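Basis for what follows: all heavy atoms, side chains included, without hydrogens, waters or symmetry-related copies. Convention: sequence-line order gives letters A, B, ...; per-chain numbering from 1. These numbers were taken from a predicted model, which means no experiment stands behind them.
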Protein chains: 2
Amino acid sequence: MPVQDVDAGAHTIISTLDRLFRLLRRILPPDNLSLTAASALKRLEAGETLRLTDLSVLEGITQPAMTQLVSRLEKDNLAERVKDPRDGRVVLIRITGAGREALRARREVRAQRLGELLAALPDADREAIVAALPALDRLIEIGNAGT
Amino acid sequence: MPVQDVDAGAHTIISTLDRLFRLLRRILPPDNLSLTAASALKRLEAGETLRLTDLSVLEGITQPAMTQLVSRLEKDNLAERVKDPRDGRVVLIRITGAGREALRARREVRAQRLGELLAALPDADREAIVAALPALDRLIEIGNAGT
DNA sequence: TATTGTTATACTCTATAACTATA
DNA sequence: TATAGTTATAGAGTATAACAATA
C-alpha cells in the first residue's frame, strides 16, 4: 500500500475493527472478567507487584479509575493490595491465585468460542489473519510508545 | 494453518485484538461519539428508519439498553423517535443531520490518528494488515450469522 | 394473550474535582 | 510543597425484572 493511501486504508481498518470488537464482546461469556479487569490482571500476572499509579498509566486510565478497579478486583479476591514498607503512601497490587485461575478460564472459553468461528473459515483466511498479527503487534507498540 | 492449531491461533489472535482495542479506545477523542453510539448511528445511516427492537437485535444489546441509548442520542439531537402510523406500539428511529455530521467528523479524526500510526509502519506490515481485512470481515459475518 | 417499548434498579467503567496521608 | 491514593460525584453502557400500551 503506498503511503498516500494510508488514510483510505485507515477508514477500512477502523470499520472492520469496530465490528470485530462488538462481535467479540457479544461472544464473551457474561459471568466472566470484563475487558478492563482482564487487561489489568494480565499485567499483574506477568510481573510480581505493581504500584497502583504505574498500573493506571500502563492501562491508560486515571488513578481514581484504577483505585475503583482494584477495589472491585479485591472484592472478588482476584487481586490484593500490599503495603510498601519503604513508602507509606504507596499501594502495591498483586494478583491472587484465584485471579490467575480466572484468567486461565477466560482464555480457555474465549479461545474456544473464537476457535469455532475460525474453524468455519477457509484456510487462506485463517492464514491471512495470523499473518497480520505481528504487524498489528508492532502497530500497538507504536501507539503505546506515544503515550 | 492446519485445523488442529486453530485453538493456539485463537489465543494469539485474542491477545492481539484485546490490546488493539484498548489502544483504539485510548486514541479516540474524548468529546466524541462512543463506540456504542457510533455503531448504532452507522446502522441508521445506511437505511431509512429502524424499529427500536430491530436496532437492539442488530447491535446485540437488550431492548432496555437500546431505549436508553436512543434517549441519549435524542438528547444530543443525533437521532429521533418517529411514530409508526401503522402500529401504535412501534417506535421508529431515524438519524438526524447532526448525527450524520457527527459520524463524519468521528471517521475523519479516528482515521487521521490511526493513519499516523500506520504511516510509521513498514510497508510490508501495512500490506499484511490490509490483506487480513477481508478475512476478518468474513469472520464477523460468520459470528453474526450465529446470532 | 402476545408484542413493543419504558421504567426501576443495579453494576461496571470511566472522568474530574476535592480530599487525606505521607514524604 | 509534592506525591500517592481515596472519596465524591456524574455520566455512559450494560443487564434483569416489572410495568404500560397497543395489537
Side-chain angles (χ1 to χ4, degrees), chain A residues 18 21-41 43 49-76 78-94 102 106, chain B residues 18 21-41 43 49-76 78-94 102 106:
Chain A
D18 277 348
F21 191 8
R22 292 195 71 82
L23 170 64
L24 286 184
R25 197 171 51 186
R26 276 225 321 286
I27 68 175
L28 191 137
D31 284 345
N32 213 308
L33 291 174
S34 72
L35 177 60
T36 300
S39 180
L41 276 183
R43 197 83 68 167
T49 61
L50 275 174
R51 292 162 49 138
L52 190 140
T53 298
D54 292 342
L55 195 49
S56 74
V57 171
L58 287 168
E59 290 298 311
I61 63 176
T62 61
Q63 207 179 55
M66 185 52 72
T67 288
Q68 291 193 31
L69 173 56
V70 168
S71 296
R72 287 192 299 270
L73 292 174
E74 212 169 27
K75 173 176 64 61
D76 294 337
L78 301 175
E80 55 194 359
R81 284 179 168 85
V82 183
K83 277 183 185 155
D84 185 339
R86 291 157 305 179
D87 187 335
R89 299 169 300 180
V90 169
V91 168
L92 299 172
I93 318 297
R94 185 164 57 197
R106 178 179 190 271
Chain B
D18 277 349
F21 291 146
R22 292 194 70 82
L23 171 65
L24 285 183
R25 196 171 51 185
R26 277 226 321 285
I27 69 175
L28 191 137
D31 284 344
N32 215 308
L33 291 173
S34 72
L35 176 61
T36 299
S39 180
L41 275 182
R43 197 83 68 167
T49 61
L50 275 174
R51 292 161 49 138
L52 190 139
T53 299
D54 293 342
L55 194 50
S56 74
V57 171
L58 287 168
E59 290 297 310
I61 63 177
T62 61
Q63 208 177 54
M66 186 52 73
T67 288
Q68 292 193 29
L69 172 56
V70 168
S71 296
R72 286 192 299 270
L73 292 174
E74 212 169 27
K75 173 176 64 64
D76 295 337
L78 302 173
E80 54 195 359
R81 284 178 167 87
V82 183
K83 277 183 186 156
D84 185 339
R86 291 158 304 181
D87 188 335
R89 298 170 300 180
V90 169
V91 169
L92 300 171
I93 318 295
R94 185 164 57 197
R106 178 180 191 269

Residues which pass side chain to side chain contact (heavy atoms under 4.5 Å, CB included) with Arg89(A), listed by chain and number, not counting sequence neighbours: Asp87(A)
Between [X] ([atom1]) and [N] ([atom2]), how many Å, whole number?
{"X": "Leu52(A)", "N": "dA21(C)", "atom1": "CG", "atom2": "P", "result": "18 Å"}
{"X": "Leu33(B)", "N": "dG11(D)", "atom1": "CG", "atom2": "P", "result": "18 Å"}
{"X": "Asp54(A)", "N": "dA4(D)", "atom1": "CG", "atom2": "P", "result": "8 Å"}
{"X": "Ile93(B)", "N": "dT4(C)", "atom1": "CD1", "atom2": "C1'", "result": "12 Å"}
{"X": "Leu35(A)", "N": "dT14(C)", "atom1": "CG", "atom2": "C1'", "result": "13 Å"}
{"X": "Leu78(B)", "N": "dA12(D)", "atom1": "CG", "atom2": "P", "result": "12 Å"}
{"X": "Lys83(B)", "N": "dG5(C)", "atom1": "NZ", "atom2": "P", "result": "13 Å"}
{"X": "Asp84(A)", "N": "dT22(C)", "atom1": "CG", "atom2": "C1'", "result": "12 Å"}

B/S/- along nucleotides 14-23 of chain D (protein heavy atoms under 4.0 Å) is BBBB----BS
The criterion is side-chain hydrogen bond (donor to acceptor under 3.5 Å, both in side chains); which residues satisfy it with [X], sequence neighbours excluded?
{"X": "Ser56(A)", "result": "none"}
{"X": "Arg81(A)", "result": "Ser71(A), Glu74(A)"}
{"X": "Thr67(B)", "result": "none"}

Working to the nearest 0.5 angstrom, can you tell me the gap between Ile61(B) CD1 and Met66(B) CE? 3.5 Å
The complete set of salt bridge (charged side-chain N to carboxylate O under 4.0 Å, His left out) pairs with one or both residues in residues 58-68 of chain B, sequence neighbours excluded, reads Arg22(A)-Glu59(B), Arg43(B)-Glu59(B)
CA sep, side-chain torsions, deciding dist, call: Leu50(B), Leu58(B), side chain to side chain contact (heavy atoms under 4.5 Å, CB included): CA-CA 10 Å; Leu50(B) 275 174; Leu58(B) 287 168; 4.0 Å; yes
Establish, with yes or no, whether the OP1 or OP2 oxygen of dG5(D) is under 4.0 angstrom from a side-chain nitrogen or oxygen of Thr53(A). yes
Has Arg81(B) got a side-chain N or O lying under 4.0 Å from the OP1 or OP2 atom of dT6(C)? yes
Thr67(B) side-chain proximity, nearest of dT6(C), dA4(D), dT12(C): dT6(C)
